[in-house]
Every structure is written in structure tokens, then in C-alpha cells.
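Scope of the values below: all heavy atoms of this structure, side chains included, with no hydrogens, waters or symmetry mates. Every chain is numbered from 1, with letters handed out A, B, ... down the list of sequences.
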There are 2 protein chains.
Amino acid sequence: MSSRVAHAIDLEVVLKALASARRLQILEWLKDPQTHFPPQEHGDPVEHGACNLYIVEKLGVSQPAGSRHLKVLVDAGLVLATRRKGWVYYRRNEDMLSTVADRMAKI
Amino acid sequence: MSSRVAHAIDLEVVLKALASARRLQILEWLKDPQTHFPPQEHGDPVEHGACNLYIVEKLGVSQPAGSRHLKVLVDAGLVLATRRKGWVYYRRNEDMLSTVADRMAKI
DNA sequence: TAGCAACATAACGTGTTAGTTATGTGGCTG
DNA sequence: CAGCCACATAACTAACACGTTATGTTGCTA
């Protein structure tokens with residue numbers, strides 16, 4: 001069992017967040033930030049994830065559109081944000097993702 | 001291993017179909033049709049599932065709205081439809097549901 | 001502390017989703 | 001074979017999702 005109790009998830013909110021090719025793509029990229037994004041000066045890609053700008057750029061949409069996709073993922077609890085030196089880094093919330101996977105096994 | 005090879009699933013389509021409180025509810029009801037729906041004259045609830053009208057009625061929406069929710073689930077492959085004596089019965093596609101669960105474990 | 005770079009918010013257009021009522025269709029059944 | 005019952009389709013509306021450009025805000029940094 002995990003060291004912290006998993007929050008009760010709102011399955012509809014989580015699934016709406018996941019039901020998007022762009023957001024699925026972001027989660028996929030964040031599995032291995034070092035491979036998918038340029039090196040970062042501040043913020044270790046492995047520890048803190050990839051910064052907003054890089055993700056937005058790679059998505060190929062405008063900055064507000066990209067930021068909103070990230071916000072949807074954060075609001076659903078699937079991705080964690082870290083602010084650091086003026087940048088915001090995003091990484092997968094593996095606890096949440098496995099909670100979701102467990103829940104989906106009972107659907 | 002299953003007797004038939006699982007189709008490659010379109011995760012976005014499946015998740016869009018699942019990202020709805022009403023449709024999640026339908027899938028939940030269909031886990032145990034006998035408990036959640038009135039007895040049926042034709043079509044065994046366990047074998048064939050619950051008929052359209054009962055599901056629509058229990059959803060509390062209009063007949064077209066309910067039918068469309070069912071169509072979304074069928075189109076995504078999550079639910080199977082059986083036409084029989086003028087009724088249409090719906091049941092869970094457990095193969096597909098476990099394929100989806102497996103896929104979600106790798107997300 | 002002035003400026004700028006990163007990100008957020010606002011405002012808007014457009015396509016999609018989910019609901020409605022009205023109507024069509026097709027196959028039991030009397 | 002006439003009627004009806006179950007379900008599908010059409011047409012419309014309201015709300016939401018997702019994209020854009022324009023503008024705010026925040027906090028490094030020179």
C-alpha cells in the first residue's frame with residue numbers, strides 16, 4: 001500500500017481530462033522528459049519535469065491553448081506543477097495515474 | 001489469453017465515451033441488469049442485457065437522448081447490442097472493458 | 001528599479017455535445 | 001394487413017470545449 005492514502009477520484013473529471021489526444025500526448029512525453037524536451041538550465045527534467053514553454057511549443061498550439069491543456073491535467077490531479085525561478089515545470093503524478101488505472105480495472 | 005485478438009483501441013474515442021456520468025452509470029447498471037431493471041418477457045437479462053426503454057427510463061432523459069448515449073457506448077465498442085423481437089438489448093463488452101483497463105495501466 | 005521573459009487571463013469565434021420535441025421506420029401482433 | 005410499439009433520425013437550442021489574438025501579471029535579472 002502507498003505511503004499516503006489516495007484521494008477519492010472524480011472519475012468523470014479525470015476521464016474528461018484524459019479524453020484528448022493532445023493531453024494524452026503530453027502525458028506520454030512526460031514519461032521521459034529528457035528524450036522529448038530540450039535540456040533545461042534550471043529544474044532537473046527528471047525531478048521537476050518539463051517547462052511550460054517546451055510543452056506548448058512541441059504541441060504546436062498557441063501558448064494560452066497549451067497552458068490550458070496543462071491546467072486541465074493539473075486540475076484533474078494527473079500532473080503536478082512546480083514553480084521555479086520564473087518557470088513552471090510539469091511532471092506526471094504517478095500516484096494519481098496508478099489510482100486511476102486501479103479504478104479503471106473495476107469499471 | 002483471450003480466444004480472439006483484441007482490436008487496437010482508439011483510446012481517445014473510448015475515453016470520450018467513458019467521460020460522461022450518464023454513460024458511466026449505464027455501465028454500472030449493466031454489471032447487474034437483474035438488480036437494476038424490471039424483469040423482461042423476452043431476452044434474458046443476464047445473457048442479452050437490458051432493453052433500451054428500461055435504460056432510457058432509468059436515466060431520466062428523453063428517449064432520443066438515452067438512445068444516443070447507448071449509441072456512443074456501442075460505437076466505442078464498450079457495449080454490445082442485440083436486436084430481438086422488436087427490442088434492442090444492451091450488455092457490457094467485457095473483453096473491450098478489460099482491454100481498456102489494460103491499456104489504462106500503461107498510460 | 002526598469003525591462004523583459006514566462007506564464008495567466010480575457011475576449012471572442014467555431015465546432016461539438018447533450019438536451020429537447022417532432023417525426024420516421026420497421027417489425028410484432030391482433 | 002392494420003395498427004402499434006420500440007427505436008432511430010431530424011431539427012433545433014444551450015452549454016461547453018478548444019482554438020485564436022490581445023493584454024495582464026509576476027518575478028528574475030541586468
Side-chain angles (χ1 to χ4, degrees), chain A residues 10 12-27 30 33 37-43 45 48-76 78-91, chain B residues 10 12-27 30 33 37-43 45 48-76 78-91:
Chain A
D10 182 334
E12 191 189 359
V13 168
V14 168
L15 291 175
K16 278 188 197 304
L18 290 173
S20 150
R22 293 231 146 89
R23 294 191 289 266
L24 289 172
Q25 178 72 80
I26 292 171
L27 284 172
L30 289 182
F37 300 101
Q40 296 166 171
E41 285 187 35
H42 314 88
H48 304 111
C51 97
N52 186 302
L53 266 195
Y54 289 165
I55 299 173
V56 166
E57 190 172 310
K58 192 151 176 146
L59 272 180
V61 295
S62 66
Q63 175 262 319
S67 281
R68 196 172 30 188
H69 281 301
L70 287 162
K71 178 171 164 43
V72 170
L73 289 170
V74 169
D75 288 350
L78 296 164
V79 158
L80 300 171
T82 307
R83 319 185 86 89
R84 193 180 172 85
K85 296 236 187 192
W87 284 269
V88 184
Y89 299 95
Y90 295 93
R91 65 187 188 282
Chain B
D10 182 334
E12 191 188 357
V13 167
V14 168
L15 290 175
K16 279 187 198 301
L18 289 173
S20 151
R22 291 227 146 85
R23 295 191 288 266
L24 289 171
Q25 178 71 79
I26 291 171
L27 284 172
L30 289 182
F37 300 102
Q40 296 167 170
E41 286 187 33
H42 315 89
H48 305 110
C51 96
N52 186 302
L53 266 196
Y54 288 165
I55 299 174
V56 166
E57 191 173 309
K58 192 150 176 147
L59 272 182
V61 296
S62 66
Q63 176 262 320
S67 281
R68 198 173 24 186
H69 280 302
L70 287 162
K71 178 170 163 46
V72 170
L73 288 169
V74 169
D75 288 350
L78 297 164
V79 160
L80 300 170
T82 308
R83 319 185 85 89
R84 192 179 172 87
K85 296 236 185 192
W87 284 269
V88 184
Y89 299 94
Y90 295 92
R91 66 187 189 282

Exercise for the section: Enter the distance from B:Asp10:CG to B:Leu15:CG here, rounded to the nearest 0.5 Å. Expected result: 9.0 Å
Pairs under 3.5 Å (N/O, protein and nucleotides 16-18 of chain D):
from   : atom 1 : to      : atom 2 : distance (Å)
D:dC18 : OP2    : A:Arg23 : NH1    : 3.3

Completion exercise
To the nearest angstrom, the CZ-C1' distance between B:Arg84 and C:dG26 comes to 18 Å
Practice task
Calculate, to the nearest 0.5 Å, the distance between atoms CG and CG belonging to B:Leu18 and B:Leu27 respectively.
Solution key: 6.5 Å
Fill in the blank from the handout: Rounding to 0.5 Å, atoms CZ (A:Arg23) and NZ (A:Lys16) come to a distance of 10.5 Å
Practice task
Return the value, rounded to whole Å, for the distance between atom CG of B:Leu53 and atom C1' of D:dA8.
Solution key: 12 Å
Practice task
In whole angstrom, give the distance that lies between atom OH of B:Tyr89 and atom P of D:dA6.
Solution key: 10 Å
Can you pull every protein N or O that's under 3.5 Å from an N or O on nucleotides 22-27 of chain D?
none

Handout entry: Side-chain heavy-atom pair B:Leu30, B:Ile55 within 4.5 angstrom cut-off
Key = yes
Practice task
Would you mind reporting whether A:Asn52 and A:Tyr90 have side-chain heavy atoms less than 4.5 Å apart?
Solution key: yes
Practice task
State whether A:Ser67 places a side-chain N or O below 4.0 Å from either non-bridging phosphate oxygen (OP1 or OP2) of C:dC7.
Solution key: no
Fill in the blank from the handout: From NZ of B:Lys71 across to P of D:dA8 the rounded distance in Å is 9 Å
Practice task
Assign B:Ser62 to base, sugar-phosphate, or nothing according to its heavy-atom contacts below 4.0 angstrom with the strands shown.
Solution key: base
Exercise for the section: Rounded off to whole Å, could you give me the CG-to-C1' distance for the A:Leu59 and D:dT20 pair? Expected result: 15 Å
Completion exercise
From CG of B:Asn52 across to P of D:dC5 the rounded distance in Å is 16 Å
Completion exercise
Across all chains, not counting sequence neighbours, the side chain to side chain contact (heavy atoms under 4.5 Å, CB included) partners of B:Lys58 are B:Trp29, B:His36, B:Phe37
Completion exercise
d(A:Arg91 CZ, A:Thr82 OG1) to nearest 0.5 Å is 4.0 Å
Problem - Integer-rounded Å distance: C:dA18 P and B:Leu70 CG - result: 13 Å
Problem - From CZ (A:Arg68) to CD (A:Gln63), nearest 0.5 Å - result: 11.0 Å
Fill in the blank from the handout: Rounded to the nearest 0.5 Å, the CD atom of B:Glu12 sits from the CZ atom of A:Arg22 at a distance of 10.0 Å
Problem - For atom CZ of B:Arg83 and atom C1' of C:dG27, their distance in whole Å - result: 10 Å
